[in-house]
A.B. asks: 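Here it is: the structure, laid out below.
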Number of protein chains: 2
Amino acid sequence: MLSGYLILKNIRTTQRLLRNFSSDTKFFKVEVVSSNRKTPLQPQRKSIAPRFEKKTRQKISDYLKQMATPEIEAQLAPLRAAVKEYGDLIRDLKAKQAPKIDIDKAVVELKARKKLLEETEIALAPKEASFDRLKLEDLLKRRFFYDQSFAIYGGVTGLYDFGPMGCALKANMLQQWRKHFILEEGMLEVDCTSLTPEPVLKASGHVDRFADWMVKDTKNGECFRADHLIKNSIEKLMNDKKVSAEVKKDGEDVLARLEGFDDKDMHEVITRFKFKSPITGNDLTEPIAFNLMFPTQIGPTGDFKAFLRPETAQGIFVNFKRLLEFNQGKLPFAAAQIGLGFRNEISPRQGLIRVREFTMCEIEHFVDPEDKRFPKFAKVADEKLVLFSACNQLDGAPAREVAIGEAVANKTVANETLGYYMARCHQFLMKVGIDGRRLRFRQHLSNEMAHYAQDCWDAEILTSYGWIECVGNADRACYDLQQHYKATNVKLVAEKKLPEPVDVDIVEAQANMALLGKKYKKEAKKIQTALQQLTSEQVTAIEQELLAKKLYNLDINGEKFELAPDLVNIKKYSKKIHVQEITPSVIEPSYGIGRIMYALLEHSFRQREGDEQRTFLAFKPLVAPIKCSILPISANDTLVPVMDAVKEELSHYELSYKVDDSSGTIGRRYARTDEIGIPFGITVDFESGKTTPYTVTIRHAETMSQIRLEVSELGRLISDLVSGRQQWSDAQAKYPKFEASAE
Amino acid sequence: MLSGYLILKNIRTTQRLLRNFSSDTKFFKVEVVSSNRKTPLQPQRKSIAPRFEKKTRQKISDYLKQMATPEIEAQLAPLRAAVKEYGDLIRDLKAKQAPKIDIDKAVVELKARKKLLEETEIALAPKEASFDRLKLEDLLKRRFFYDQSFAIYGGVTGLYDFGPMGCALKANMLQQWRKHFILEEGMLEVDCTSLTPEPVLKASGHVDRFADWMVKDTKNGECFRADHLIKNSIEKLMNDKKVSAEVKKDGEDVLARLEGFDDKDMHEVITRFKFKSPITGNDLTEPIAFNLMFPTQIGPTGDFKAFLRPETAQGIFVNFKRLLEFNQGKLPFAAAQIGLGFRNEISPRQGLIRVREFTMCEIEHFVDPEDKRFPKFAKVADEKLVLFSACNQLDGAPAREVAIGEAVANKTVANETLGYYMARCHQFLMKVGIDGRRLRFRQHLSNEMAHYAQDCWDAEILTSYGWIECVGNADRACYDLQQHYKATNVKLVAEKKLPEPVDVDIVEAQANMALLGKKYKKEAKKIQTALQQLTSEQVTAIEQELLAKKLYNLDINGEKFELAPDLVNIKKYSKKIHVQEITPSVIEPSYGIGRIMYALLEHSFRQREGDEQRTFLAFKPLVAPIKCSILPISANDTLVPVMDAVKEELSHYELSYKVDDSSGTIGRRYARTDEIGIPFGITVDFESGKTTPYTVTIRHAETMSQIRLEVSELGRLISDLVSGRQQWSDAQAKYPKFEASAE
């Protein structure tokens, strides 16, 4: 992963969920060509096309991967085989423990082959795959779905304000999320603070590792991500005819190893190659770690450091004890949180895909590490998901549609609980209106995952920016709870009843506090705590060393403490235990709502056949920002009482509406309401008020068909149509059809 | 207002909405006694009772003010008269333009009389007025409504995490708020970022004035609010017999003037009286302005200063143009925002009443300053509100129940729009379950309001902490939009059609950019902008000065620029205009959700008659965190299919439920569900599965009566009962009664 976070390898993979590099960059964005390749490939000229075009090409390519006809597949097959060849070779080299440089070079070749595969795909893609993002953006801006924050002050990149339409769309998505997960799965919802004290994020690993290396222009202070700068500079070098083969070879080696570089390595490269700022040509500073969390301080003293949370998950972990108690001490249970996350991106672009403040929904499902079965799994076992497994990625094989039950059975997906959440994720995304053909679950490669993670599948959605990670589904093992236990010495465990009581031999190291206090003063407490946390095996080892050397050097986070035998009492006894303390494993589905929303907007965007200027959004009623339009057929006062009755009826059922009483024709007004995706149009005409009870017509935007019914029936019917409890065909069967006048 | 923000007088009053000093402190908390009083009053010994007791006494007093019997009123009447006497005297002194010190002293006496009135009230209060906050807090903690954040890390004051119960209660309140205001009033909802660049908050006044003066212990750095420190130190002095009458007289003068002190005044006092840290006796620093916003930085360069927003309002103001356009250019319209606010309190206490991160709901209603009528006002005109007007406060008269129509007609409330929002606020608070007898609208005194504000009424709710400001309803005139216009030069105006076109004489000052650029280089643009912003009158004045002195000194925020006649062209012409540009006035209702929620919890708290240990919460179904309990009468497997059918039916209607399948008796289990305020209990018994369709019973917690019905009818019925579309009596009329077995 050339573009990934170099120093993040040991940290939670989901922390990258909302970062800029969409997954495409991980597999296809290698533009360097190895000179010792086995199969010659034409060197690719580095394209100077703007970001937008490149991305669009990418999208077309990815679109094709899902939609290819058999003829196109036939052309792609040999290229897929070429990729597979190198996938196999790499596995082989690894098995033989070949030198790292050989493996790294083979990886570069593999990536180049993938690149060729991709470019061929692009050439073969159908025209229909193209999509006009500018038209969508125009609509979104004009009808105020969202727009850049603080625009009258010049705007801030990576910050967006949602207008009435975007706000309602987002609120509806969140409500569905809450229903789909929290309500239907009986999860425990929490709402924790964004402000987070430093020690919490120190324990979670964010303070030390949630960072990018950055270099600055020594004169004007402009900042660049160090790995990106090196990569781009070397690529430039490779395309420069005046550069010697020797230097190019050197650059190639650097690229192959870049992923594993730390700050010193990068500084060495920048110095050796004399890389400068690409903008000014000025010198660059040494790499500086730039932490991506927003720092602040709590209270007036200035010494209480805090950050804005980079994810909501930590709030759940620190509340684990309360939540377990709320669940009467029983495992498994899931807690969920909907809230803000903040990440101080170095240079965010790509609209809602990469932002500095965002709404996320996270679930932490706590489960016995030895039993990750899921009681309701059978309910989803037949659900088919498009899975892009690590194997298929390495083989250059396409993603495959598989029943989740089968994927768990054959161990493609690690366990039932993870599989269940993937299926539920799929259902949720379908429910809100994501196009199933542009959705896949991509498994993380082993080097993408945190060292403690067991398995991870991102729900990726295909947009004009490429495949975008929108949801992470990860099995994170016991890491988080253990980290907070280490930091606080508060046990974050659950009790598991043993099938039958067992006798266990306990070996404990007890501090002799009287003597320890004398020798180590305030530090004594810390030593006592450290001794308490030791395992029986560790205590036995200490005992032996104390016997042999009359001294033991206790190491607490690098601090050494000399312990003589009189400072420690080793206690051994046998105990009958009925329950076992276990640190639960955590399965974590993590949803980036802004990204899903953006994908949904792209997938819902339509142009009228024959009139491409007439664009509209086809939302599902469930998430549509406004459920109904109310259109009086004229400005005549006689319609007012009916209008008022309609409004009141809709309000009773919490149905949002928009009155369009402007003077355009009904057809024009329908077009305006279609543009913002209003699914139901209520027309008040001259018949409406003639009889009591009042009647109106409802137009179903999708089919453009209409029915007539009493105002007092409106609320219940539309509420049922929105929730899916009734279908439009049910309504058509029940109520008389109404023939529309000229649209 | 001794305890108020000294340096905040010119800033928005609603910015204090969620601050610690509940309104009680403003009127009753004066414990100094004037020595030149007209009517001798017994000096009150300063009580050393803990904060809790003092607050409880306050609550009892306030409770009584609402609930006094005629007998008690008779005893209080002379004391009220004594207060009124001084209220009149002060008005008289002001009218005569008496020396400030005389007025200030009279104010101290007035406050002392109010104090006596209050203490008498306390003595007369009924025992029932007491309330056991510890019992409530125990329940809230035990059932995880909310608790201190990061408790396993030692906790952070002023930060709270909501558990499943608190979270659901809050979500339900927000959903009702959204329905009551945004949906029913057709408001434009926005969702803006918390991160806010410095210039925005500079323009709004927060950077300069949203601060408290603080002094620090010079040795250990401990912080104190300077005004509180002076007040407390002088009070100590006044009670010290060894202190001379002269010094006491001096201290008394300081107290009377403290409200108007700036940092230099306070430093002078601290130095003159030799005040030290009350904790250590160490010296204190000079007063330092401590801004209450959390500072941070955007991006990696370190020079993009930003803050976490202290309120959501500014996000609406900076989006005014987009919103006006969304509303097709028409006034009036209202925008609303639900979101987080952040305030870095110096030392927050009092639970949810004073927090550092909180959810607020704000409305900005933009209206023609010359026409603040409200079309729907007639609908609420008869609604009765308890109003505590500024007059009544000065007169020591109690709050009075008045129809809002009458209050607007007699100018007690400034205009219809403000009155409408007060009535809607009253409706909302009633709807969620606030006790109407413990709710009042208190008008700000003229010295409490920002200089530009026209009128302001806080909805105050009586709790065990006293009367708490929970909602601010303010007419803020045109201040905010004008400030952002000044800062950005983006016109934030609406067009108002004139009854008929008028000819106006335009006088403009145009910069001669060629010459100006030569002389002032980069500053020229700034000068041009400043000239454009001048009114006709200002331009005429400049013209005259240029003629007279051949020079004009232009002042831009303190910077002076010399303009010779050749740098400025004065242009005069006549123009026929059809529309007038107006800066809208803003009416701002601002809701502190956490405070309302806390008040609601107190008002919903009950103890069972005869068993005070059995406490419970009596929520309205509309906001109850969980709508239904599902209680199987036994663990028998035959009940499982019915249980599943019930769960599915409830999920269809998005109704939350809690299954209690523990082994306790039904009665015990009802008690447990009552404790967390579940309004409906669904019991699955042995009859349930015997017939198809399945049947179950519903128990209405409030009346403890039960009915029996089919499972397929559950969702619709409970949904209607929750929303208020049906009443329990309707359900009882429709479905057969079920006789409960022993509870």
A.B. asks: Taking side chain as everything from C-beta outward and backbone as N, CA, C, O, which of these in Ile338(A) sits under 4.5 Å from a heavy atom of chain B? Side chain, backbone, both or neither.
C.D. replies: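 Neither part.
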A.B. asks: Sort out for me which of Thr157(A), Val659(A), Ile288(A), Leu188(A) touches chain B most, counting heavy-atom pairs under 4.5 Å.
C.D. replies: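 That would be Leu188(A).
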A.B. asks: Decide if atom NZ of Lys376(A) counts as having more than 12 heavy atoms of other residues, nucleotides or ligands within a radius under 6.0 Å.
C.D. replies: yes
A.B. asks: Identify which of Met187(B), Gln148(B), Gln328(B) forms the greatest number of heavy-atom pairs closer than 4.5 Å to chain A.
C.D. replies: Gln148(B)
A.B. asks: Locate the shortest heavy-atom distance separating Cys167(B) from Glu189(A); write the atom from each residue and the value.
C.D. replies: SG-CG, 3.4 Å
A.B. asks: Against chain B, label Tyr160(A) side chain, backbone, both or neither, depending on which of its atoms sit under 4.5 Å from a heavy atom there.
C.D. replies: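 Contact with chain B is through the backbone of Tyr160(A) alone.
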A.B. asks: What part of Ala168(B) lies closer than 4.5 angstrom to a heavy atom of chain A: side chain, backbone, both or neither?
C.D. replies: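 When you check distances to chain A, no heavy atom of Ala168(B) falls under 4.5 Å.
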A.B. asks: Identify which part of Arg725(A) has an atom lying under 4.5 Å from any heavy atom of chain B, answering side chain, backbone, both or neither.
C.D. replies: side chain
A.B. asks: To the nearest 0.5 Å, how far apart are CZ in Phe162(B) and CG in Asn319(A)?
C.D. replies: 12.0 Å
A.B. asks: With a 4.5 angstrom heavy-atom cut-off, which part of Asp720(A) approaches chain B: side chain, backbone, both or neither?
C.D. replies: side chain
A.B. asks: Closest heavy-atom contact between Lys179(A) and His652(B)?
C.D. replies: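 So the minimum-distance heavy-atom pair works out to CE-O, 4.4 Å.
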A.B. asks: Select one option (side chain, backbone, both, neither) describing which atoms of Phe290(A) are under 4.5 Å from chain B's heavy atoms.
C.D. replies: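 Just the side chain, heavy atoms under 4.5 Å.
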A.B. asks: Is there side-chain contact between Phe326(B) and Pro164(A), with at least one heavy-atom pair below 4.5 Å?
C.D. replies: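 A side-chain contact under 4.5 Å exists here.
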A.B. asks: Determine the option with the most heavy-atom pairs under 4.5 angstrom with chain B, choosing from Thr296(A), Val318(A), Thr193(A).
C.D. replies: Thr193(A)
A.B. asks: Heavy atoms only, distances under 4.5 angstrom: which of Ser656(A), Ala336(A), Ala203(A), Pro197(A) has the most pairs with chain B? Name it, please.
C.D. replies: Pro197(A)
A.B. asks: Could you pull out the closest heavy-atom pair between Val190(B) and Gly163(A), with the gap in Å?
C.D. replies: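 What the structure gives for the nearest pair is CG1-CA, 4.3 Å.
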A.B. asks: Can you list the steps and then say if Phe304(B) with Val156(A) is a side chain to side chain contact (heavy atoms under 4.5 Å, CB included)?
C.D. replies: CA-CA 10 Å; Phe304(B) 193 148; Val156(A) 182; 3.8 Å; yes
A.B. asks: Please round to the nearest 0.5 Å and tell me the distance separating atom OG of Ser651(A) and atom CD of Glu185(B).
C.D. replies: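 It comes to 9.0 Å.
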A.B. asks: Between Leu492(B) and Ile152(A), which heavy-atom pair has the shortest distance, and what is it?
C.D. replies: CD1-CD1, 4.3 Å
A.B. asks: Among Thr488(B), Leu195(B), Leu650(B), which residue has the highest count of heavy-atom pairs closer than 4.5 Å to chain A?
C.D. replies: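 When all of Thr488(B), Leu195(B), Leu650(B) are compared, Leu195(B) has the most.
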A.B. asks: Which answer fits Thr196(B), side chain, backbone, both or neither, if we ask what part of it has an atom under 4.5 Å from a heavy atom of chain A?
C.D. replies: both
A.B. asks: Checking Gln176(A) against chain B: side chain, backbone, both or neither under 4.5 Å from a heavy atom?
C.D. replies: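 It is the side chain, since no backbone atom gets that close.
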A.B. asks: Considering only heavy atoms, which portion of Leu655(B) lies under 4.5 Å from any heavy atom of chain A: side chain, backbone, both, or neither?
C.D. replies: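 Backbone of Leu655(B) only, per the 4.5 Å heavy-atom cut-off to chain A.
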A.B. asks: What's the shortest heavy-atom distance between Gln297(A) and Phe294(B), and which atoms?
C.D. replies: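 Scanning both residues completely, I find the closest heavy atoms to be O-CD2, 3.2 Å.
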A.B. asks: Between Asp147(A), Val490(A), Leu323(A), Thr301(A), who has the most heavy-atom pairs with chain B when the cutoff is under 4.5 Å?
C.D. replies: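 With the most close heavy-atom pairs to chain B, the winner is Asp147(A).
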A.B. asks: For Lys216(B), which atoms come within 4.5 Å of any heavy atom of chain A: side chain, backbone, both, or neither?
C.D. replies: side chain
A.B. asks: Let me know if Lys647(B) has heavy atoms under 4.5 Å from chain A in its side chain, its backbone, both or neither.
C.D. replies: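 Neither the backbone nor the side chain of Lys647(B) comes within 4.5 Å of chain A.
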A.B. asks: Quick one: what part of Leu308(B) sits under 4.5 Å from any heavy atom of chain A, side chain, backbone, both or neither?
C.D. replies: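 For Leu308(B), side-chain heavy atoms alone lie under 4.5 Å from chain A.
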A.B. asks: Under 4.5 Å heavy-atom distance to chain B, tell me which part of Arg143(A) shows up: side chain, backbone, both or neither.
C.D. replies: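 The answer is the backbone of Arg143(A).
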A.B. asks: So, taking the atom named CD in Glu325(A) and the one named CZ in Phe144(B), what distance separates them when rounded to the nearest 0.5 Å?
C.D. replies: 10.0 Å
A.B. asks: If I compare all heavy atoms of Leu183(A) with all of Tyr657(B), which pair ends up nearest, and what's the gap?
C.D. replies: O-OH, 4.3 Å
A.B. asks: Give a yes or no answer on whether the side chain of Glu357(B) reaches the backbone of Ser194(A) with a donor-acceptor pair at less than 3.5 Å.
C.D. replies: yes
A.B. asks: Only pairs of heavy atoms separated by less than 4.5 Å count here; which of Gly221(A), Ala306(A), Pro199(A) has the most with chain B?
C.D. replies: Pro199(A)
A.B. asks: Distance-only, no hydrogens or angles: does the Asn344(A) side chain make a donor-acceptor pair with backbone N or O of Gly299(B) under 3.5 Å?
C.D. replies: yes
A.B. asks: Side chain, backbone, both or neither: which part of Glu654(A) has a non-hydrogen atom closer than 4.5 Å to chain B?
C.D. replies: both
A.B. asks: For each of Pro348(B), Cys192(B), Ala487(B), tally heavy-atom pairs with chain A at distances under 4.5 Å, and name the one with the top tally.
C.D. replies: Cys192(B)
A.B. asks: Name the region of Phe320(B), side chain, backbone, both or neither, that has any atom closer than 4.5 Å to a heavy atom of chain A.
C.D. replies: neither
A.B. asks: With a 4.5 Å cut-off on heavy-atom pairs, point out which of Leu340(A), Leu159(A), Asn489(A), Asn291(A) contacts chain B the most.
C.D. replies: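 Option with the greatest count: Leu159(A).
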A.B. asks: Is it the backbone or the side chain of Cys223(B) that comes under 4.5 Å from a heavy atom of chain A, or both, or neither?
C.D. replies: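 Just the side chain, heavy atoms under 4.5 Å.
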A.B. asks: Rounded to the nearest 0.5 Å, how far does CZ of Phe150(A) lie from NE2 of His484(B)?
C.D. replies: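 Reported to 0.5 Å precision, the distance equals 9.5 Å.
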